[in-house]
Amino acid sequence: MLRRIVKSIVCILVAFGASAAGAQYPEKVITMIVPFAAGGPSDTIARILAQTMSASLKQQIIIENVGGAGGTIGAARAAKSDPDGYTLFVHHIGHSTAPALYSKLTYDPIADFEPIGIINDGASTFVSRNDLVFKDFKEFLEYVKTNKDKVNMANAGVGSSSHLCDLLFQEALQTKVTLIPYKGTGPAMNDMLGGTVDIMCDQSTNTTPHIKGGKIKVYAVTLTKRLGSMPDVPTADEAGLPGFSMSTWHALYAPKGTPKPVIETLVKALQTALKDANLMQRYADLGAEAVPQERATPEALAAHLKSEIDRWGPIIKKAGVTVN
Ligand code: MLT
């Protein structure tokens with residue numbers, strides 16, 4: 001409670017300051033917190049966005065990776081940052097699943113943040129290390145079921161999109177495997193490339209370069225439509241897990257109390273970035289899709305975040321994986 005009172009006072013002071021200086025915002029370097037390790041899919045989405053937004057803001061945006069606990073450590077850091085427009089936060093679907101997964105969350109995904117807009121929709125991919133070769137997704141599934149006590153599946157911690165996919169995957173297959181948490185799927189990918197991680201359900205923004213480079217094997221994508229960047233890879237729904245569907249969306253936030261003129265400047269910069277041909281192509285090449293302008297708004301993000309929190313709560317509670 002005290003933290004909120006102090007924050008309100010800071011907000012009022014910042015608001016006076018920002019309204020006076022609002023026209024000059026941004027006057028210094030902006031930090032964009034990514035709640036996963038560098039080199040992973042969320043980091044990739046954020047870095048491409050930061051490079052593009054900084055061009056229209058005419059101000060440098062630096063990425064700060066704050067990994068751990070499925071993104072909740074970075075989210076807590078962002079929630080407690082000064083609401084002055086110089087700390088932003090990029091997170092994915094995990095911002096909506098955290099309340100159901102963590103009984104002692106130290107922040108409120110809605111009350112402690114100002115929504116700026118949704119960034120992209122994205123697919124995940126079922127992949128294996130290179131020397132685990134199956135003729136198709138069905139054979140991949142058979143192998144996992146038969147070798148469930150031996151197979152390990154890496155993710156980015158409870159609450160990450162890879163972990164969420166693991167839960168849906170185990171539920172659909174009625175099989176539990178050994179889940180190994182990392183601070184991000186960037187480091188997890190290093191171990192898959194090194195041969196110690198067997199399988200993953202990881203975002204295509206991370207797996208695509210390694211698939212195309214012949215370093216890992218891909219068997220299915222988690223959307224119910226195939227990716228333009230890998231049209232020969234079937235969906236899990238068509239190839240062996242009927243009804244399987246999971247999209248990983250990312251969005252941009254600021255700490256609660258960030259002055260309205262600053263938020264408006266950031267919304268404009270986000271929308272400009274998402275129309276940038278280079279950003280759109282780089283996202284598409286990695287299987288991600290920049291959202292249309294009407295979804296890159298505070299209102300659209302607020303509504304989507306609320307609906308996702310409501311949607312995933314019962315699914316997670318049923319899976320019985322809440323972390324104390
Ligand atoms: C996830 O699994 O949530 C993300 O892939 C983590 C990451 O970006 O490293």
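No hydrogens, no waters, no symmetry mates; every other heavy atom, side chains included, goes into these values.
- For Y219 and F140, the gap between ring centers is short of 6.0 Å.
- Side-chain atoms of Q51 and R282 include a donor-acceptor pair closer than 3.5 Å.
- In this structure, CD1 on I62 lies 10.0 Å from CD1 on I30, to the nearest 0.5 angstrom.
- Heavy-atom minimum distance, I61 versus M53: CD1-CB, 3.8 Å.
- Under the 3.5 Å distance criterion, with hydrogens and angles disregarded, no donor-acceptor pair is assigned to the side chains of D202 and S162.
- Within a 6.0 Å radius of NZ in K215, other residues, nucleotides and ligands contribute 12 heavy atoms or fewer.
- Atoms OG1 and OH, on T97 and Y102 in that order, are 8.5 Å from each other to the nearest 0.5 Å.
- Under 3.5 Å, the side chains of Q170 and D166 contain no donor-acceptor pair of N or O atoms.
- Side-chain contact of T125 with T207: a donor-acceptor pair under 3.5 Å is present, judged by distance alone.
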Exercise for the section: Show your working on salt bridge (charged side-chain N to carboxylate O under 4.0 Å, His left out) between E114 and K260 and close with a plain yes or no. Expected result: CA-CA 9 Å; E114 300 290 356; K260 199 163 168 44; over 6 Å; no

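- F244 pairs with exactly one of T235, T222, V221, L173 by the side chain to side chain contact (heavy atoms under 4.5 Å, CB included) rule, that one being T222.
- A cation-pi contact, defined as under 6.0 Å to the ring centre and within 45° of the axis, is absent between K80 and Y107.
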